Colleague: 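This structure is in structure tokens; I'll ask about it shortly.
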Amino acid sequence: MPTENTTARMRAWRGLKGSGAAVLRDGVYLIPATPDTQARLAEIAEDVLANGGSAYQLGLESVAPYDFVPLFDRSADFAGVLADIAACRVQLRPDTAAESIKQARKLRKAFSQWVALDFFPGEAQKQTAHALAELEAQVHQALSPDESRALPAGAMARLQVADYQGRVWATRSRPWADRLACAWLVRRHIDPQAQLLWLADPADCPPDALGFDFDGARFSHVGAKVSFEVMLASFGLETPALLRLGALVHFLDVGGIEPTEASGVERVLAGMCAAMADDDTLLTLASAVFDGLLAAFEKDHQP
């Protein structure tokens with residue numbers, strides 16, 4: 001486009017950015033072909049041509065062997081929405097519910113806008129959608145605390161910690177982040193006297209044991225939640241610090257939105273798993289990591 005027509009150049013740039021197109025190089029953009037995206041590009045091209053520029057809209061039957069999907073990763077965008085959801089949740093009280101519902105509506109609108117541009121949906125969108133649905137349910141409950149409501153899909157019945165004392169807890173051997181975090185949570189916040197069993201085969205789980213993080217276990221993945229997050233919700237342990245730890249465990253287990261601490265913690269846990277053949281020893285060392293993370297997160301959330 002002519003360099004002197006700044007307004008038209010900016011309009012084209014904003015239009016391409018708003019369409020969700022990826023930048024291949026200066027002046028070259030790529031976007032999945034759908035009726036909506038093709039119509040949007042045609043509008044931008046028409047405006048460019050009308051203002052003395054040149055535009056070429058080319059279709060590709062195949063992009064092999066190139067992988068362009070990472071160019072459309074919306075994890076960072078959904079991370080911003082997820083952070084705002086967490087902040088709204090912290091502020092939610094009966095006396096702030098009216099303001100919170102306005103914020104929840106804004107978050108729903110922002111989420112929907114990113115969904116429209118998320119051409120290759122993944123764990124990040126799923127994780128954010130679940131968190132937003134939970135926030136909306138909590139806001140409405142705060143507005144009408146006495147109203148009877150059906151549990152949303154994936155909701156967990158609230159359990160009492162006192163009913164789960166001195167129990168046998170079992171999970172698969174050679175645990176990774178989710179199972180290690182669950183075992184730590186049981187020992188630190190649910191059942192300090194718990195006896196932990198590491199199963200070579202989940203089919204060997206004793207009938208009286210409380211299984212976690214395997215198919216058919218008492219506590220396992222529900223909806224978008226990993227087992228650790230399910231335990232937090234089930235036992236009412238969703239403090240800001242533990243929820244933040246849950247987001248970290250979620251990413252290490254199934255991906256999605258990456259917390260800033262993830263790469264370092266992942267490397268530490270991977271090193272421990274490689275160095276420790278005994279699962280009890282591994283849990284002891286990993287527990288120190290989770291203790292430190294929780295203390296740091298609690299300090300961050302102090303008024």
Side-chain angles (χ1 to χ4, degrees), residues 1-88 102-133 224 247-248 250-252 254-267:
M1 294 189 69
T3 56
E4 65 272 12
N5 197 339
T6 305
T7 300
R9 291 172 65 89
M10 184 60 68
R11 187 164 59 245
W13 178 81
R14 286 175 176 168
L16 288 163
K17 183 177 176 63
S19 72
V23 181
L24 291 183
R25 52 160 292 175
D26 187 28
V28 183
Y29 296 83
L30 179 73
I31 196 169
T34 69
D36 287 341
T37 58
Q38 289 174 313
R40 182 65 181 133
L41 289 187
E43 290 176 2
I44 297 170
E46 183 179 349
D47 186 49
V48 168
L49 293 169
N51 284 276
S54 59
Y56 305 91
Q57 192 170 344
L58 308 175
L60 297 175
E61 292 297 327
S62 172
V63 295
Y66 305 105
D67 180 14
F68 292 118
V69 172
L71 295 176
F72 299 95
D73 181 20
R74 303 295 179 204
S75 296
D77 304 308
F78 285 118
V81 179
L82 193 65
D84 290 340
I85 291 171
C88 184
K102 295 179 184 177
Q103 182 64 21
R105 288 169 180 162
K106 291 179 182 178
L107 290 169
R108 172 59 67 180
K109 182 178 180 180
F111 173 74
S112 298
Q113 289 171 338
W114 287 122
V115 167
L117 301 182
D118 194 14
F119 303 114
F120 303 96
E123 184 64 28
Q125 183 185 138
K126 179 181 177 183
Q127 183 181 358
T128 308
H130 190 85
L132 182 55
L248 173 61
H250 183 111
F251 176 79
L252 295 178
V254 298
I257 295 171
E258 182 176 0
T260 55
E261 306 84 5
S263 61
V265 174
E266 182 176 31
R267 191 163 179 81

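Position 1 is the first residue of the sequence, and the numbers go up from there. What you are looking at is a predicted structure, and each value in this text was computed from that prediction instead of being measured.
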Colleague: Using a 6.0 Å cut-off, check whether atom CD of Glu43 has over 12 heavy atoms from anything other than its own residue.
Modeller: yes
Colleague: List the atom pairs, with distances to 0.1 Å, where a side-chain N or O of residues 113-123 and a protein N or O form a donor-acceptor pair under 3.5 Å, not counting sequence neighbours.
Modeller:
unit_1: Asp118; atom_1: OD2; unit_2: Gln125; atom_2: NE2; d: 2.7
unit_1: Glu123; atom_1: OE2; unit_2: His250; atom_2: NE2; d: 2.7

Colleague: Is any side-chain heavy atom of Ile31 less than 4.5 Å from a side-chain heavy atom of Leu41?
Modeller: yes
Colleague: Measuring from Ile44:CD1 to Leu16:CG, what's the distance to the nearest 0.5 Å?
Modeller: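 Taking CD1 in Ile44 and CG in Leu16, the distance rounds to 4.0 Å.
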Colleague: Please test Val265 against Leu252 for side-chain contact (heavy atoms from CB on, under 4.5 Å), starting from the C-alpha separation and ending with a verdict.
Modeller: CA-CA 9 Å; Val265 174; Leu252 295 178; 4.0 Å; yes
Colleague: Enter the distance from Leu248:CG to Glu258:CD here, rounded to the nearest 0.5 Å.
Modeller: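 Reported to 0.5 Å precision, the distance equals 9.5 Å.
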Colleague: Without swapping roles, check the side chain of Gln127 against the backbone of Ile257 for a donor-acceptor pair under 3.5 Å.
Modeller: yes
Colleague: Looking at residues at least two apart in the chain, or sitting in another chain, which of them share a side-chain contact (heavy atoms from CB on, under 4.5 Å) with Thr34?
Modeller: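 For Thr34, the residues satisfying side-chain contact (heavy atoms from CB on, under 4.5 Å) (neighbours in sequence not counted) are Asp36, Thr37.
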Colleague: If you define the side chain from C-beta out and look only at heavy atoms, does anything of Tyr29 sit under 4.5 Å from Val23?
Modeller: yes
Colleague: Give, for atom CG of Leu30 and atom CZ of Phe72, the distance between the pair rounded to the nearest 0.5 Å.
Modeller: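 Answer rounded to 0.5 Å: 4.5 Å.
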Colleague: Measure the spacing between CD1 of Ile85 and CG of Leu82 and express it to the nearest 0.5 Å.
Modeller: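 One gets 5.5 Å once the value is rounded to the nearest 0.5 Å.
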Colleague: Nearest 0.5 Å, what's the CZ-CZ distance between Arg14 and Arg11?
Modeller: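 Here the rounded value is 10.0 Å.
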Colleague: How long is the straight-line distance from OH of Tyr66 back to CG of Leu71, given to the nearest 0.5 Å?
Modeller: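 Output value for this atom pair is 13.0 Å.
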